[in-house]
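Report on one structure; see the data block that follows.
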Amino acid sequence: MELLEFARGPGLAIALALFAIGTVWRLAGIFRRPVKPDYSEPRSTALAAGALRAIVTRMWHPRNFRSRTLVGTLNAYGYHVGLAIVFFGFAPHIAFVERLTGLAWPAAPAWLFAVAVALTFIGLFYALMVRLTSPVLRLLSNFDDWASWAITIAPMVTGMAVIMLPIEQGYPASPASPVPVAIHLLSFELLIAWLPFSKLAHAFLVFVSRGYTGAAFARKGADL
Amino acid sequence: MSAPANDHPLDLESPRFSIEKPAARYDKQGERPDAERLVAAQRAFGRDFGRAAAAYMESCIHCGNCAEACHFYLTTGDPKYTPIWKLEPFKQAYKREAGPFAWVYRALGLKRAVTVEQLEAWQELVYDSCTMCGRCTQICPMGIDIAGLVGLARHAMFEAGLVPHELWAVAERAEREGSPLGATPKVLSERLEWLADDYEVEIPVDQPEAEVLATFSSIEIMKYPESLVATAKVLNRSGYTWTVSTRGYEATNFGMLSGNVAWQRSMSLKLIEAAIACKAKILVLPECGHAYSALRWQGANMLGRPLPFRVLHISEFLAESLRSGRLKVRPLAMAAAFHDPCQISRRGGATSAPREVLAALGVELRETKDAGARNFCCGGGGGVVTIHRADPLRHKAFEIKMAQLDATGAELALTSCANCRQTFDDGRAHFGWRREMGSLLELVAGQLAD
Ligand code: SF4
Ligand code: SF4
């Protein structure tokens, strides 16, 4: 089997299966833990609204902390939004999804794509630099942090190698240089397979942890 | 002749001679093999580890933001005071023993088992350098409630017999005598009798029935008795029938602060049973922050069913009574800054009550830079003020408070927690600071009008 064939077939299937199983397993691991009943008289019973409010408002840091966290927050937004634009807005990626699912949408303009690529690289390298130099982050960081960084940037790097190749009309199913495309796809598959087992799972855990705190604080009528 | 040992350089700059970097010290209770301590810690940690705690343990992205909220990190710059780092061995234990991938971690040896040495080393981080103030929860992008997790970690530390000794001794005394500071029922009765005579105020004790049960902090009983008088004046004027009960009067809960759940329960049940016995409709908690967490938010859970009475912090009682017209006050043309006790405001949700009271008094409120739910802790909460070896660290953290209160330019500084007041008194003496921390309750009691 050619490498590209593997990446498009069994490779992708395995990665998606690991993503699905890992996500369900990780969430189940949390939700199987017991919940103790809370008999205290609630100040508010709008717990779902509290959870939702925390999920939304915590997308930005509270004013009091802004001076200390602004650069980090903006940088994190930079590479998160950058990654999203690169993933969803690049025409060959849309063509790839269309081949698999039949779904398609308009691509991002070339300038926006270029900005997104730049933001993502700069953001990820800045994040790495801070992690390497900040005493707090050096103390906290473990294998997961370093591996997750490398696995996140890998599809960007391998993608650059593919971009360097002449882009073929209509992104045919059989590209002229299949190996770089296969490596790019495999690096992406590694990312989705790794995600649920690592800190990258914050993509979905963020709703759970913010939600719990939001609900608990709403119950007490406390600001978050 | 050999050269003098250079391992312990003296710090000759400090007011009293001391060693520059004293080795980490920890206390241990009882004589038990380490393996037993570990099993006890793990059992405790697993036992009360619910869904929310598991979600938190899974969610940290190691961004380090929480350090930027913690007064102990901000004033020392020492990364070990990063809030989530204070839970590191507990995260390790959770991931290895209880998390969704625990079997993978164990099978591949990816996480080592937690050792007693680790827990010993972490005693300082779980107790001395965390007031469970919850400011870090406010900054965490994942919304992780670190203060709540530290509370759970303390359960494990207590079970392992690894509590700072002063805090342990205070908690043990509270359990044995009914008060951490020796305010036994006899001492309380004598004191109330003396205060009633001296201040010519009526203080009903052990009435068979009353609408309101008043409770105190032993810091008030022993150190700020005028707060007891103020409570009596306010309750007398409120028009409610009320009583103090020698069965349940001590509102501090060192069982909770030290991490002993059984003691926490027995301390809470004393208050609950006293309120039920006199058929109280309202139990008024004193000016004490953690008493509010212990009874308002955890009391019913200690009982195992909803409480048959309302629990109000005295500042809430004042606000409610002023609102309803039960209490009236003479205006006071002054400016005041208010220090929010963390457990009442940030973690208790009663941030507006003292502000309502100050507005009723006509006092001009000058908020500190970080106020209300974002307020900085005084540094003495969570039992930290009892731990003497933590004094230098606590004093460092106190620098933030002094600077922020001074910046308001207000004549008065007020709070509604006797433990905060005590911490302020200590900080004031240490730094020779000019400001005195006053009591909101005492201020109101002095301004009561017909
Ligand atoms: S709860 Fe308060 S003292 Fe404890 S780590 Fe968080 S900010 Fe620091
Ligand atoms: S702020 Fe929250 S997510 Fe970031 S390191 Fe601290 S606990 Fe973890």
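Numbered from 1 within each chain, the chains take letters A, B, ... in sequence-line order.
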Chain B: which of A/K36, A/R138, A/K199, A/R210 shares the most heavy-atom pairs with it under 4.5 Å? A/R210
Can you see which heavy atom on A/P37 is nearest to which on B/N301, and at what distance? O-OD1, 3.6 Å
Euclidean distance, B/I146 CD1 relative to A/T213 OG1, rounded to 0.5 Å: 10.0 Å
Minimum heavy-atom distance B/R346-A/A222, with the two atoms named: O-CB, 3.4 Å
Counting only non-hydrogen atoms closer than 4.5 Å, does B/S352 touch chain A with its backbone (N, CA, C, O), its side chain (CB onward), both, or neither? neither
So what's closer than 4.5 Å to chain B heavy atoms on A/F143: side chain, backbone, both or neither? neither
Distance, nearest 0.5 Å, that separates CD1 of B/I61 from OG of A/S209: 9.0 Å
Among A/H202, A/R43, A/H61, which residue forms the greatest number of heavy-atom pairs with chain B at distances under 4.5 Å? A/R43
Rounded at 0.5 Å granularity, tell me how far CG in B/L307 sits from OH in A/Y39. 12.0 Å
Heavy-atom proximity to chain A below 4.5 Å, by part of B/A98: both
Is a side-chain N or O of A/R33 found less than 3.5 angstrom from the main chain of B/F49, in a donor-acceptor match? yes
Could you tell me which portion of A/L139 (side chain, backbone, both or neither) has an atom closer than 4.5 angstrom to a non-hydrogen atom of chain B? both
Check whether any side-chain N or O of A/R58 sits under 3.5 Å from a backbone N or O of B/P141 as a donor-acceptor pair, and report yes or no. no
Residues of residues 81-91 of chain B under 4.5 Å from chain A (heavy atom pairs)? B/T82, B/I84, B/W85
Looking only at atom types and distance, does a side-chain atom of A/D223 sit under 3.5 Å from a main-chain N or O of B/A373, one as donor and one as acceptor? no
Less than 4.5 Å to any heavy atom of chain A: does that hold for the side chain of B/L74, its backbone, both, or neither? side chain
Which one, A/D38, A/V208, A/V35, A/T69, leads in non-hydrogen pairs under 4.5 Å with chain B? A/D38
Parallel, tilted or perpendicular: which one describes the rings of B/W103 and A/W25, with boundaries at 30° and 60°? perpendicular
Cut-off 4.5 Å, heavy atoms of chain A, and the answer for B/A102 is neither
